[in-house]
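As structure tokens, the structure follows; a few thoughts come after it.
Counting convention: from 1, in listed order, for ligands and their atoms alike.
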Amino acid sequence: MTARTDPITADVLTDEAYRYYRENGFVRVPQVLSASEVARFRAASEEAMAQHGPEIWGAGEDTVQVHFVAQAWLKHEALRDLALHPAVTRAAKRLAGAPLRLYSTDVLLKPGRRTLTTLPTLAHDDETGLPLDGLDRTLTAWIALVDVPVESGCLSYVPGSHLRGTAHRQTHMTSFAEHRAISDIWPDYAWQPRITVPLKAGDVAFHHCRTVHMAGPNLTDSPRLGHGIVFMDAEATYRPGTEDAHISHMAPGAPLDNENFPLV
Ligand code: SIN
Ligand code: NI
């Protein structure tokens, strides 16, 4: 494998990758970040986790799916550079085919087995948990800051699930108590193939906010460290929902068009 030397100016997205994303709702883009960038963003993510984390994705400390730090780009200068990395934002805009804003960035850690036994990340789509309206093009970039083989708990995706109708989606929830299992709202879910996508450090996998995805437990001794960046439709508006403390002062229906949600 040839290491990328100029991740800022090179176009990382091939036409084939674009077509694959449109059809399947996710795509892996190899080696978007150089080795030195990975090292810098990994160190910054570890610092952010030590200083601000972790919040727990799961029912409690004994049932951790993921440790995370929310709004990480506002908490660490280097993670701001990651969130606005030109190779990532350019690929996201091309995949979306529409103007985008940065909505949120999270450090996403499944600690190694010696520290903690993590659970699988349950199947979900991101639209359900976003306190936003108008998400037709919204997508997440999942950036690997270490090698993430299958055994570490990489993500799997249900190809084409971003195109399923609203009858088979939970488009919103106002509290986690409303959350419904994918199998409840999409009876065919159990018979859908899933594609598991291991990543090398520096790879980025993009998925549409309606693509059903999940991750395995981390069965290794090494931490699975990644970064999730949500790029929303530029015209998306606030819709009271979950994890919205940072915007709950806004009026429902208001556009998120201020400096905390920059156009990318
Ligand atoms: C994970 O990192 O395990 C889940 C991330 C996501 O759902 O986007
Ligand atoms: Ni997700």
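Every heavy atom of Met214 sits 4.0 Å or more from the atoms of ligand 1. A heavy-atom separation below 4.0 Å is found between Arg224 and ligand 1.
Given atom 8 (O) of ligand 1, the protein heavy atom at minimum distance is His213 NE2, 3.4 Å. For atom 4 (C) of ligand 1, the closest heavy atom belonging to the protein is Thr121 CG2, 3.7 Å.
Residue side and main chain included, Asp125 places no N/O/S atom under 2.8 Å of the Ni ion (ligand 2). Residue side and main chain included, His124 places an N/O/S atom under 2.8 Å of the Ni ion (ligand 2).
Summarising the contacts of atom 7 (O) of ligand 1 with His67, Gln65, His124, the nearest heavy atom is found in His124.
The atoms of ligand 1 that sit less than 4.0 Å from any heavy atom of Ala215 are 3 (O). Heavy-atom contacts of Val66 reach the following atoms of ligand 1: 1 (C), 3 (O) (cutoff under 4.0 Å). Every atom of ligand 1 with a heavy atom of Trp142 under 4.0 Å away is listed here by number and element: 1 (C), 2 (O), 5 (C).
For ligand 1, the polar-atom distance check finds no N/O of Trp57 at less than 3.5 Å from any of the ligand's N/O atoms. Between Thr140 and ligand 1, not a single N/O pair is under 3.5 Å apart. In terms of polar-atom proximity, Lys110 is not counted as a contact of ligand 1, lacking any N or O under 3.5 Å from an N or O of the ligand.
Within a 6.0 Å sphere centred on CZ of Arg80, other residues, nucleotides and ligands contribute 12 heavy atoms or fewer.
A salt bridge links Arg210 with Asp136: at least one charged nitrogen is closer than 4.0 Å to a carboxylate oxygen. With respect to Arg224 and Asp147, no salt bridge is recorded, no charged nitrogen being found less than 4.0 Å from a carboxylate O.
At distances below 3.5 Å, not a single donor-acceptor pair connects side-chain atoms of Lys93 with backbone N or O atoms of Val88. Under the 3.5 Å distance criterion, the side-chain polar atoms of His162 are matched with a main-chain donor or acceptor of Arg22. Between the Thr242 side chain and the Gly129 main chain, a donor and an acceptor come within less than 3.5 Å of each other.
In terms of distance to the Ni ion (ligand 2), the nearest N, O or S atom of Asp126 is named OD1.
Taking each heavy atom of Ala98 and Arg137 in turn, the nearest pair found is CB-CG, 3.8 Å.
Residues His246 and Gln71 bring a donor and an acceptor atom of their side chains to less than 3.5 Å of each other. No hydrogens or angles considered: nothing links the side chains of Glu127 and His172 as a donor-acceptor pair under 3.5 Å.
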